[in-house]
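Everything on this sheet refers to the single structure shown next.
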There are 2 protein chains.
Amino acid sequence: MPTIKDIAKAAGVSPASVSRVINNGPKVGKTTREKIKRIIEEMGYSPNANAQAINAHSSASVGLVLANLIDPFYAALAHGIEQVAARRGAQIFLNSCDDTKESERRAIETLLEHRYQSIVVHSLFLEDEELIRLAKSVPGLVLINRYIEALADRCVWFDDEMGGRLMAQHLVKMGHREIAVIAGESGFSSASQRIPAAIKELNRLGVIVHPEVVEVAPANYEGGQVAMQNLLASKKPFTALITYNDPMAIGAIAMLNAQGLAVPGDVSVIGYDNLMLANCIEPKLTTIHHQIGEMAVVATEMALSKIVMPPAIEKRHFKPHLVERDSVVLRA
Amino acid sequence: MPTIKDIAKAAGVSPASVSRVINNGPKVGKTTREKIKRIIEEMGYSPNANAQAINAHSSASVGLVLANLIDPFYAALAHGIEQVAARRGAQIFLNSCDDTKESERRAIETLLEHRYQSIVVHSLFLEDEELIRLAKSVPGLVLINRYIEALADRCVWFDDEMGGRLMAQHLVKMGHREIAVIAGESGFSSASQRIPAAIKELNRLGVIVHPEVVEVAPANYEGGQVAMQNLLASKKPFTALITYNDPMAIGAIAMLNAQGLAVPGDVSVIGYDNLMLANCIEPKLTTIHHQIGEMAVVATEMALSKIVMPPAIEKRHFKPHLVERDSVVLRA
DNA sequence: TTGAAAGCGATACCAT
DNA sequence: ATGGTATCGCTTTCAA
């Protein structure tokens, strides 16, 4: 691949002129400009973005740290980010980190090494201190779906506790008193408060949740199946089920059906996330909606604008709401 | 952010030594090495990846061009790529291109400018010639889900025509003679042959498909709904439906249900892709399975190994198969 | 083992 | 309008 010097030589001009042409700069004669353009075309030259970045001291793209892309929740997040990036003509440099603290750290470090000025991080495993340390050098680093006091201006997050309470309240309102719980495994325990908040609210409403009806499993469809299997094996009765998210809810429902139990006939089930999935299955899933895409958009815009002026807190702290569909019914 | 010189100065050594330490190179005294390491730590230095890349004449990451991340098909593709990349310690530089030729071109060009040596492209809009031209400068550029004669060694693709035939054969085998079709909009007409192949096969089997029962819509859930609405409005009778992909099938089913028609009771429906979704809904969707993840893996490995030796064609040309579930039944 | 210095590819200031 | 050249941050010979 030719360099700017090769082009300069071939065109019989200096690298400076070629550079001007590349960047549509002024101060190049019409004829020289056209000649240079022609040569560039002919030789198939394209400027080396790395060399450019070294001079510019920054990069236009946004760096993204996410666990993976297959989980619909992350996919929705990534989609929102992608939208904003595309609109701004920015690329996305993605580092997925397969659910370990170490790879999460490496992902962020790599982004820093590339001198990305805009970074969106969804961290599940790193501790506050470490994130604070890493964020220090980049004002355009924002945390998504997480709140850290010291980094409050760079955070965008859900009110997961409220979501948890909504689940609890709805089931109790529908007359359920024997409620099982399927929690999602998540490395960093405080990553989500939705399940603890739900249980707490249940207790407050006078519903005791016995440890035997609380299962923990990977936060996906298969995890939901396994958890439900264990739940059924324990023989504890329950008329309703709280789940960590929609995929788990759907997995649990599949297992219930497989064991000859009907939803919502025998067991009411409530999900979380309101993914597209939730509206496709039968019965349509009652679930908690939160603004995943909107959150991603706000986060990305903050990152790209280097948070010169973070949006008001109401714009960054998203409240969920209940979406009532068919998977929860009044207790007979 | 400090540079290598700052570190060198602070440590009272030359940049060369610091460089050696960074790269775990030999020829540095034990004590010097430790001293340098300490200073690096203290000053929070991390090498500028762009400057490194400019010397290395390449980059370890893989570039990826995809339409978006929200479509489950692309998500599955991205996931496979991500897996391989993570295993190899490589990052992914993603350029999504919102369904236009121009943005697709820009996406690839950006990757070239960054001198990525491994690039995986899913192109829907660019013509063969242009892809050939772009691929010229990078041996590690591979095309996914597309076959171009001149670039045969760099292609990985599905046998979509076979998939189309399978759909047709199955429905006919199940006794259906009045079959509607929902095709997906796709910029580049020849991007997928599954629907044309299905119609052709239907004709071969003696089933005439009238233009009035062929709808075209965006290849997603909403598109499926709209298409079905139009189909029903046309009043043409049909007992079975061929769809472009699972999301469309599921959208169509939702619309059928909404209009009081049962699947598979009144209409049998067959999907394509065998997404997770297909197994979650009720009735479980009969569909065509193809190896999306496997394809992504092969493509990425080819890209990362610069295709010194492309895998045998059987490893790169994937055959689909029918997954029989509950949405297609024998015609009464 | 260590350092000096010549690149790598592009930009931008200063001359002309 | 052009060209010369120092510079960006790092790597890599080549000497010492």
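In this text the structure is predicted, and so the values were computed from the model without any measurement. In what follows, chains carry the letters A, B, and so on, assigned in the order in which the sequence lines appear, proteins first and then strands, with residues in each chain numbered from 1.
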Original post:
With a 4.0 Å cut-off on heavy atoms, is A:V13 in touch with a base, just the backbone sugar-phosphate, or nothing at all?
Top reply: sugar-phosphate
Original post:
How close or far is atom P of D:dT11 from atom CG of B:N23, stated in whole angstroms?
Top reply: 5 Å
Original post:
Taking the side chain from B:R154 and the backbone from B:A135, do they hold a donor-acceptor pair closer than 3.5 Å?
Top reply: yes
Original post:
Are A:F158 and A:H290 close enough that their ring centers fall under 6.0 Å?
Top reply: yes
**OP:** Fit a plane to each ring of A:H114 and A:F93, take the angle between them on a 0 to 90° scale, and name the class: parallel (under 30°), tilted (30 to 60°) or perpendicular (over 60°).
**Re:** tilted
Original post:
Between B:I40 (CD1) and D:dG9 (C1'), how many Å, whole number?
Top reply: 14 Å
Subject >> Short N-O contact, A:R88 and A:E301, less than 4.0 angstrom >> reply: no
Original post:
First and last nucleotide of DNA chain C touching chain A, 5' to 3', heavy-atom cut-off 4.0 Å?
Top reply: C:dG9 to C:dC13
Subject >> Length of the NZ-C1' vector between B:K5 and D:dC10, whole Å >> reply: 9 Å
Subject >> 5' priority, DNA chain C, between B:I54 and B:S17 [closest heavy atom] >> reply: B:S17
**OP:** Report the distance from atom CD1 of B:I4 to atom P of D:dT7, rounded to the nearest whole Å.
**Re:** 18 Å
Original post:
Are any of the side-chain nitrogens in B:E34 or B:K37 under 4.0 Å away from the carboxylate oxygens of its partner?
Top reply: no
Subject >> Salt-bridge present (A:R38, A:E41; N to O < 4.0 Å) >> reply: no
**OP:** Starting from P on D:dT12, measure out to CG on B:N55 and report it in whole angstrom.
**Re:** 7 Å
Original post:
Which comes earlier along DNA chain D counting from the 5' end, the contact point of B:I22 or that of A:P15, where each point is its nearest nucleotide?
Top reply: A:P15
**OP:** Taking side-chain hydrogen bond (donor to acceptor under 3.5 Å, both in side chains) as the test, write out the residues that go with B:E113, two or more places apart.
**Re:** none
Original post:
Which whole-number value in Å describes the distance from B:M43 CE to D:dG9 P?
Top reply: 13 Å
Subject >> Value in whole Å for how far the P atom of D:dT11 lies from CD of A:E113 >> reply: 11 Å
Subject >> Bending between helix ends of the helix from C:dT1-D:dA16 to C:dT16-D:dA1 [5 pairs per end, 10° resolution] >> reply: 40°
Subject >> Residues B:N68 and B:S96: side-chain donor-acceptor under 3.5 angstrom >> reply: no
**OP:** On DNA chain C, check which nucleotide each of B:R33 and B:A51 is closest to and give me the residue with the more 5' one.
**Re:** B:R33
Original post:
Taking CD1 from B:I36 and C1' from D:dC10, how many angstroms apart are they, rounded to a whole number?
Top reply: 14 Å
Original post:
Which part of the nucleic acid, if any, lies within reach of A:G12 when heavy atoms closer than 4.0 Å are counted: base, sugar-phosphate only, or nothing?
Top reply: sugar-phosphate
Subject >> Shortest non-hydrogen contact between A:L124 and A:E104, atoms and distance >> reply: N-OE2, 3.0 Å
Subject >> base_contact_polar (D:dG3 base, A:R20 side chain, donor-acceptor, <3.5 Å) >> reply: yes
**OP:** Identify whether any heavy atom of B:S19 sits under 4.0 Å from a base atom; if not, whether one sits that close to sugar-phosphate; answer base, sugar-phosphate or nothing.
**Re:** base
Original post:
Do A:L151 and A:L143 have side chains that get closer than 4.5 Å, going by heavy atoms?
Top reply: yes
